[in-house]
Number of protein chains: 2
Amino acid sequence: MFTSPRNKESNERVKDERREQILSNALILFAKKGFAATKITDISAASGFSQGLIYHYYQSKEEIFVALIKNAVAIMNAAAVELERLPLTPLEKIKLAIGKLLQGLEEGEQVAYHYLLINQAVISEAIPDEAKLIVEEQTLRYEVIARIISAGQREGSFKKYDARDMALLFWTSLNGLAIYKAGHADNFKVPDANILISMFVLENINSKEV
Amino acid sequence: MFTSPRNKESNERVKDERREQILSNALILFAKKGFAATKITDISAASGFSQGLIYHYYQSKEEIFVALIKNAVAIMNAAAVELERLPLTPLEKIKLAIGKLLQGLEEGEQVAYHYLLINQAVISEAIPDEAKLIVEEQTLRYEVIARIISAGQREGSFKKYDARDMALLFWTSLNGLAIYKAGHADNFKVPDANILISMFVLENINSKEV
DNA sequence: GTCTATATCCAGATAGAC
DNA sequence: GTCTATCTGGATATAGAC
């Protein structure tokens with residue numbers, strides 16, 4: 001068995017796939033065990049090959065973690081930007097965002113894992129500096145939600161608390177829920193979205209819509 | 001220098017103090033770095049003595065962590081029980097609870113550290129089984145809040161979503177906030193309590209009271 | 001590209017001197 | 001009660017065979 005020259009791109013593709021595979025396994029492990037407690041052997045075993053081979057694709061455990069953090073932050077930002085651009089009212093946007101995020105928690109694991117990873121980066125002193133920096137610099141999703149809330153307040157459908165306070169609670173509440181889900185995956189039922197919505201939207205407006 | 005026989009109790013007291021000292025330092029370290037990344041030398045250094053001496057007071061790193069978890073859970077439960085017993089209306093109880101918890105976040109670090117510790121125990125697979133068990137068995141604070149909410153609904157001052165959903169969001173939202181604070185201790189300002197309250201309490205009731 | 005050593009380091013825990 | 005020295009295991013990362 002040998003590799004013909006013309007398979008070069010194909011090989012590249014295989015390499016990328018391997019890297020993806022490592023990342024997706026590492027994401028779960030890092031999220032569930034934390035950075036420090038996740039061993040390279042855990043990742044290699046989950047990926048189905050030997051421990052040494054990891055270093056063919058990544059230079060270190062840190063590098064894997066940083067790659068995952070970058071990815072998680074990018075996905076969240078992209079979603080926030082997309083949300084802001086949609087031709088919807090502020091009310092509709094907030095409802096859509098909460099709905100989607102809850103749905104993400106209900107169906108997929110990925111969203112929850114991303115939250116857990118970012119939380120580690122924010123909280124823990126035992127996380128690569130590069131990862132901490134990336135997360136700290138990323139406040140876009142807070143700003144987007146704060147802008148939507150402000151717009152909704154001007155428009156009259158939102159409660160008139162400090163918009164940044166509201167945006168903070170928007171994200172921290174969802175985050176808290178994601179953490180809960182991570183610890184109770186088996187019997188986790190997503191709560192009624194309207195409870196969260198009532199932190200932001202005036203009651204009569206909300207009940208009118210429902 | 002020798003120890004006279006009659007100093008026995010005094011010695012016991014010193015020993016207890018040392019143990020307390022170890023615990024309070026370990027709490028911060030475990031909360032900030034996580035269980036796996038916290039080294040015995042970190043704890044001994046923070047406490048100002050040699051690494052070996054820790055083992056005079058505790059048998060292992062696990063034992064320290066478990067002691068801390070027990071303590072954290074006990075404090076939270078005690079507070080919940082106390083809250084339920086107070087001669088207040090459900091409305092007053094929920095407001096008091098949110099107020100106190102936010103205040104705890106604002107002033108002290110301890111509450112936030114307890115949250116972080118319990119989160120680790122719930123989420124992480126790299127945590128001593130005994131600690132996980134203790135936390136899993138402790139659902140009292142959820143039950144207490146659910147009961148208060150149910151009472152408030154019967155009484156007519158609370159929103160009529162599923163009481164367990166509401167209790168879940170009560171705790172996960174506060175928890176999410178504690179995590180945020182842990183990562184932004186320097187410039188963290190507690191949000192307006194009324195935003196959280198509006199998840200539970202009917203708007204006209206709440207504004208009447210304020 | 002993959003595996004099997006293995007070098008190296010570090011952390012938890014123990015032993016024993018003072 | 002406290003420290004220093006040491007044992008032991010385990011984890012990251014490297015080297016080199018296939």
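Lettering follows sequence order; numbering is per chain, from 1. In this text, all values refer to a predicted model and were calculated from it rather than measured experimentally.
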### Message
Heavy atoms from C-beta onward define the side chain here; which of D:dA13, C:dG12, D:dG1 lies closest to that of A:Gln51?
### Response
D:dA13
### Query
Quick one: does A:Arg18's side chain get under 4.5 Å of A:Gln21's, heavy atoms only?
yes
### Message
Less than 4.5 Å apart, side chain to side chain, heavy atoms only: is that true for B:Tyr161 and B:Ile149?
### Response
no
### B:Thr89 side chain to B:Glu92 side chain, donor-acceptor N/O pair below 3.5 angstrom
yes
### Task
Output the residues of residues 53-67 of chain B in contact with DNA chain D, where contact means a heavy atom of the residue under 4.0 Å from an atom of the strand; sort by number or write none.
B:Leu53, B:His56, B:Tyr57
### Message
Give me each pair satisfying side chain to side chain donor-acceptor pair (under 3.5 Å) with a member in residues 112-123 of chain A, each pair once, sequence neighbours excluded.
### Response
A:Asn119-A:Asn175
### Query
Using 4.0 Å as the upper bound for N to carboxylate O, is an ion pair formed by A:Lys181 and A:Glu109?
yes
### Message
Closest approach to the side chain of A:Phe49, judged atom by atom: which nucleotide of D:dC3, C:dC3, C:dG1 is it?
### Response
C:dC3
#### Entry: Residues, nucleotides or ligands: over 12 heavy atoms within 6.0 Å of B:Arg164 CZ
no
### Query
In terms of side-chain geometry, is the basic nitrogen of A:Glu136 or A:Lys132 positioned less than 4.0 Å from the acidic oxygen of its partner?
no
### Message
If you take any heavy atom closer than 4.0 Å to DNA chain D, which residues from residues 16-37 of chain B end up in contact?
### Response
B:Arg18
### Task
Name the closest nucleotide to the A:Lys39 side chain, picking from C:dA13, D:dT12, C:dC3.
D:dT12
### Message
Can you confirm if the aromatic rings of B:Phe35 and B:Phe65 lie within a centre distance of less than 6.0 Å?
### Response
yes
### Message
What is the distance, to the nearest angstrom, from the NZ atom on A:Lys15 to the P atom on C:dT2?
### Response
10 Å
### Task
Answer with base, sugar-phosphate or nothing: what part of the nucleic acid does B:Thr38 contact at a heavy-atom distance below 4.0 Å?
sugar-phosphate
